[in-house]
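Single-structure report; data block below.
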Amino acid sequence: MACYSPKNQYYIPRPYLIGNCMQQSTTNFIYGCAYGGIISLLFCNPLPRTIKMTLGWGLAFELAFTRGLYNSPGYLKRNDIFKPLLDRDSDWINANQIEKWYPRTELQDLRP
């Protein structure tokens with residue numbers, strides 16, 4: 001859950017950051033709406049209450065699970081492309097890091 005993670009940059013969501021995470025935000029809103037709709041269907045709520053519950057759960061899911069609302073772009077280290085230390089880092093290194101810091105070079109022919 002993004003809303004109480006200790007690794008967030010901000011404690012409350014920043015609405016101006018929604019442009020950076022629109023797809024994730026929309027997905028979480030749809031999941032919340034589906035969850036609220038299913039709960040309303042199980043309790044046989046009337047239509048106005050069902051609409052309110054669906055939108056409420058959608059908003060709750062969007063604010064709680066969208067990590068991009070709590071962090072500026074590039075704040076999370078896993079999104080940064082830092083130079084790996086090949087002798088010290090773990091056995092798994094992201095392919096983007098290798099492509100940026102260690103580009104492919106042509107093999108040189110060392111035969112005389």
Nearest-0.5 Å distance, OH of residue Y70 to CZ of residue R14: 10.5 Å
Under 4.5 Å between side-chain heavy atoms, hopping through other hydrophobics if needed: is there a path connecting M53 to Y35? yes
Measuring from atom CD of Q23 to atom CG of N28, what distance do you get when rounded to the nearest 0.5 angstrom? 10.5 Å
Distance (rounded to the nearest 0.5 Å) between L69 CG and F65 CZ: 13.0 Å
Yes or no on side chain to side chain contact (heavy atoms under 4.5 Å, CB included) for F61 and W57, after CA distance, side-chain angles and deciding distance? CA-CA 6 Å; F61 266 57; W57 274 98; 3.5 Å; yes
Spacing of N71 atom CG and N8 atom CG [to the nearest 0.5 Å]: 4.5 Å
Heavy-atom closest pair, residues S72 and Y10: OG-OH, 3.4 Å
Just how far is it from atom CD1 of I12 to atom CG of L63, taken to the nearest 0.5 Å? 11.0 Å
Taking a hydrophobic cluster as the set of Ile, Leu, Val, Met, Phe, Trp and Tyr residues connected by side-chain heavy atoms closer than 4.5 Å, whether directly or through intermediates, do L59 and I18 fall within one such cluster? yes
Count the heavy atoms belonging to other residues, nucleotides or ligands that lie under 6.0 Å from OH of Y11, then report whether that count exceeds 12. no
Between T66 and Q24, is any side-chain donor less than 3.5 angstrom from a side-chain acceptor? no
Is there a path from I39 to Y31 through hydrophobic residues (I, L, V, M, F, W, Y) whose side chains come within less than 4.5 Å of each other? yes
Check: T50 main-chain N/O paired with N45 side-chain donor or acceptor under 3.5 Å: no
Indicate, with yes or no, if L55 and L47 share a hydrophobic cluster defined by side-chain heavy-atom contacts under 4.5 Å among Ile, Leu, Val, Met, Phe, Trp and Tyr. yes
Test item: N96 and E99 side chains (from C-beta on) under 4.5 Å apart, heavy atoms: yes
Nearest heavy-atom contact between S25 and E62 is OG-OE2, 2.5 Å
